[in-house]
Every structure is written in C-alpha cells, then in structure tokens.
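Comments concern the structure below.
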Amino acid sequence: MPPRKPESGLKRVSVTRSRSMLSSSRHSAVLPSVLTFAVIVASGGLLLLIEKGMLNRVDTPSPLANGRRPDFFYMKQREPAVDVESQFLQEIRNRTIRAMCGQRNTPRSVWSLSPLQRKTLLQHILVNDEHRFLYCYVPKVACSNWKRVLKVLSGALAHVDVKGRMDHRADLVFLSNFSPEEIRYRLQHYFKFTFVREPMARLLSAYRNKFGEIEEYQRKYGAEIVRRYRKGHVKDRRMVAGDDVTFTEFVRYLLDEDAERMNEHWMPMHNLCQPCAVEYDFIGSYEQLNSDAAYVLEHVRAPSHVRFPERQTWYKPVTKETLHYYLCSVPQKLLRELLQKYILDFSFFGYSLPNITTEYCRH
C-alpha cells in the first residue's frame, strides 16, 4: 500500500460530495427534476447579477464559528484577497452539484455506475503516485498541456515546452490500470481534480479542430456526417472527403448520438468525469486556466521548475464573437435541442445558458 501523504501546508476546502446522474436510455433526454430546475434558474439569476457587477459591493463572508471557511473558498487559498465574483461562481457550482447529486437513486460511487460509465470514467483519470493526485481529463479543456505536465513530473519529458506531437497514451498511467482495491485507495486518499469549460465553446473548439485540421477525423466522422445529413451528397462514403462538414450538420449528428457512446471530444463533461461518483477536491475552469492550474501545481507540491505550458502559437481561441456566429448559424429548434442535450454540463458546473434568441442573433 502506498505510503501516507505528508500534511500539506496549503489549506483547501473540498468541493462538496458529488454523485452522478442516472444515465438515460439511448434515445431519451435527461431532464432535471423540479428541484434541480429551480437551482439552475436561481444560479442563472446569480450569474446575471455577477455579470452586471451588482455583487461587487458584497462583503467577503467571515469565517465560520469553528474557524472553517465556507466551501467556495477552497479554490483561492493561495491568495490573500479573494475575488468576490469567483467566490459566488464557486458557490453556485457547489450548490448545483449538491442538488443534482442528492437526488434519489443516483449512483453515489464509482462502483454503482454502469459498466460502460465506469469504464469511461476510469479511462479518463490519470494517476501520479509520487505526488498523490488523480486528474480526470476532458478533451478540449487544456488536457494536452496537463498531460505534458504529468509527463514532466514522471520524468518522461524534460520540460513542458518540448516540441512534437503529443502521444495521448504513452508514458501516462490511467486509473483503469489498477485493481479495484488499488482504485479505492487512490480515490479515497489522493487529491482529485478536473477542469471544465463552457459547454458550447468546447463543442465549437472540437468542431473547428477535428473537422478543419485532422484528416483522420474527417475520414472517420466527417464523411459519415455528410452522408447522413447533406442533401444531394454522394452515397458512396469513399467518395466523400469529410473536410467540409458544416456546424449545423455537426449539431444534427450530435443530437442523434448516444451521449454515453460519443467520441470523447464531444461527449458531455459529466459523462466523462462523473462529478457525482467522484468527490473532486478541485474543479478548475478553462476560463481561469492560468490561476487555477497554478493552484493545483502548488497544492500537489510540484517542483518549482514545473509550470503549466503556454498555449501553442497555432491555437485558435473561441471568442465570444466566434461562438455567437456559429450558434446563430444553427436553426433555433436544433439549437434548443442541443442545449437540452448538454444541460447537465451547464447546470453541474455553473455555466449560464447562451442567449440564442432570434433578436440576439440578428446583431
């Protein structure tokens, strides 16, 4: 059994216990309960207040009577002054997860997940025994850079800036490699974290990257999408390049796919990392990547020379304007169905739904 971890000098407050949602059948939509819906609506209201700057004058809550701080302070212990908006965003996330995961008949551990759900989860959790942490990676949420960090920590890479194509399997240790007893020990005793991203921005990033740049995805998925959803297409898949898939065609494809069997690059984040079955100690945000990554590295006591990599020069950011353009190019009915399919990602992780009204899309 691995040795006990020494006490860390950094204090944190755990993300509240999470439990995973029951998966729906292949062609049924998973809808939040009335209670959950109320939480989502309330969360959206708080987010609106935050966005409009109406919470700027709210004082930082004082420590509790027993000296412990509220849950949402866990992510900023490294800073003497805590940003008020970040505090409330974290509180929204914590309360939503608590409400979603507290529902009856919800699987409450890795072992109560279905075999397919458990397989997906364990294959997406990376292990570092030396620094005693587990990282659930979500594609299109800086996971390539996190894998570089893990490889540097293990000695497989000299530094995070090594050039060359990233091998997403080599020199990495997955939780699925361990026995049930070893898995239980690590889930109970290791620091567990993941990173999430605004769901629609993540989908758009996957679309632009895989169908605009990766020939393998164009052949494997693009040609099939064109064959299924484009009128007047060539019936023979071998005659279709798949390099010109439109975003609307991609959305139609997503709506017809079973969320639990999707490619990992567009599988919903909660299906990948099961925030109810795993009690994550930290859920970082792509939108605050640098500060959140720095916190994680400090918490796991990574050597001082190990830093989170800078974004690659070829990286194409998904700006607010770019996302607006692509979302508004999709018929309203399809877009509403898409948001419903990914609603749990919005609600679990505290993201507000995008404005997709006809009036908004005119601008």
Side-chain angles (χ1 to χ4, degrees), residues 120-128 130-131 133-177 191-218 220-221 250 262-273 280 282-300 302-303 305-319 322-323 345 349:
T120 298
L121 172 64
L122 297 181
Q123 289 180 343
H124 282 82
I125 295 182
L126 297 171
V127 181
N128 183 286
E130 180 181 357
H131 295 277
F133 69 78
L134 304 178
Y135 160 56
C136 185
Y137 76 88
V138 177
K140 310 313 299 179
V141 189
C143 75
S144 293
N145 279 344
W146 272 115
K147 289 176 180 179
R148 289 180 184 274
V149 170
L150 266 73
K151 291 187 179 190
V152 171
L153 290 174
S154 69
L157 283 181
H159 54 82
V160 295
D161 296 320
V162 171
K163 303 299 181 182
R165 183 176 179 178
M166 164 63 66
D167 188 322
H168 289 270
R169 303 295 301 181
D171 303 312
L172 294 169
V173 181
F174 296 83
L175 195 57
S176 56
N177 298 343
F191 178 74
K192 300 172 290 294
F193 72 95
T194 187
F195 273 72
V196 296
R197 183 179 187 178
E198 198 282 331
M200 293 298 101
R202 175 175 171 255
L203 282 185
L204 179 55
S205 178
Y207 164 77
R208 296 171 74 191
N209 174 236
K210 301 308 175 185
F211 298 109
E213 303 171 5
I214 311 298
E215 186 176 345
E216 175 186 353
Y217 276 76
Q218 294 168 358
K220 183 175 181 179
Y221 296 99
F250 179 54
M262 284 181 172
N263 178 279
E264 63 176 5
H265 290 86
W266 41 82
M267 182 181 287
M269 294 180 289
H270 74 275
N271 285 99
L272 290 169
C273 292
Y280 289 102
F282 183 84
I283 299 179
S285 299
Y286 185 84
E287 295 76 16
Q288 298 179 134
L289 181 59
N290 290 334
S291 59
D292 285 355
Y295 167 76
V296 170
L297 291 175
E298 185 178 5
H299 184 87
V300 301
H305 69 275
V306 178
R307 58 175 177 77
F308 195 77
E310 299 291 334
R311 286 175 175 162
Q312 302 294 330
T313 55
W314 46 261
Y315 173 74
K316 297 179 181 178
V318 176
T319 65
T322 303
L323 183 60
D345 276 357
F349 306 120

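From a predicted model like this one, the values you see are computed outputs, not experimental measurements. Residue numbers run from 1 in the order of the sequence given.
- The only member of Y217, W266, Y221, F250 that meets ring pair (Phe, Tyr, Trp, His ring centres under 6.0 Å) when paired with Y207 is F250.
- Between the side chain of D345 and the backbone N or O of H270, at least one donor-acceptor pair lies under 3.5 Å.
- To the nearest 0.5 angstrom, N128 atom CG is 10.5 Å from L172 atom CG.
- In this structure, the side chains of L323 and M200 come closer than 4.5 Å at one or more pairs of heavy atoms.
- Looking only at side-chain heavy atoms (C-beta outward), M267 and H124 stay at 4.5 Å or farther from each other.
- Annotation: side chain of V296 is in contact with side chain of F195 (closest heavy-atom distance under 4.5 Å).
- Two residues are said to be in side-chain contact when any heavy atoms from C-beta on lie closer than 4.5 Å; L175 and C136 fail this criterion.
- Between atom CG of residue N177 and atom CD of residue Q123 there is a gap of 9.0 Å, rounded to the nearest 0.5 Å.
- Taking S176 as the reference, nothing meets the side-chain hydrogen bond (donor to acceptor under 3.5 Å, both in side chains) condition, with sequence neighbours excluded.
- Taking CG of L203 as the start and CZ of R197 as the end, the distance is 10.0 Å to the nearest 0.5 Å.
- Between D292 and S285 the shortest heavy-atom distance is OD2-N, 3.0 Å.
- Applying the ring pair (Phe, Tyr, Trp, His ring centres under 6.0 Å) test between F193 and each of Y295, F133, Y280 identifies F133 as the sole match.
- Between L157 atom CG and K147 atom NZ the span is 13.0 Å, to the nearest 0.5 Å.
- Here the shortest heavy-atom pairing between H159 and V152 reads C-CG2, 3.5 Å.
- When side chains are defined from C-beta on, T120 does not count as touching N271, because their heavy atoms never get closer than 4.5 Å.
- Inter-residue side-chain proximity for T194 and M269 is flagged as unmet; no heavy-atom pair is nearer than 4.5 Å.
- Shortest non-hydrogen contact noted between H131 and V300 is ND1-O, 3.2 Å.
- The shortest heavy-atom contact between V138 and R202 is CG1-NE, 3.4 Å.
- Nearest heavy-atom pair across L153 and A302 is CD2-CB, 4.1 Å.
- In this structure, K140 and S205 approach most closely via the heavy-atom pair CE-OG, 3.1 Å.
- How far CD1 of I214 is from NZ of K220: 13.5 Å, rounded to the nearest 0.5 Å.
- Note on ring orientation: taking the six-membered ring where Trp is involved, the planes of F174 and Y137 are perpendicular (angle over 60°, cut-offs 30° and 60°).
- The shortest distance between side-chain heavy atoms of F308 and V160 does not fall below 4.5 Å.
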H265 vs N263, side-chain hydrogen bond (donor to acceptor under 3.5 Å, both in side chains): CA-CA, chis, key distance, verdict: CA-CA 6 Å; H265 290 86; N263 178 279; 2.9 Å; yes
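- Other residues, nucleotides and ligands place more than 12 heavy atoms under 6.0 Å from the CD atom of E287.
- A ring-centre distance under 6.0 Å is not found for F282 and H299.
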Full working for side chain to side chain contact (heavy atoms under 4.5 Å, CB included) between K316 and T322: CA-CA 10 Å; K316 297 179 181 178; T322 303; over 6 Å; no
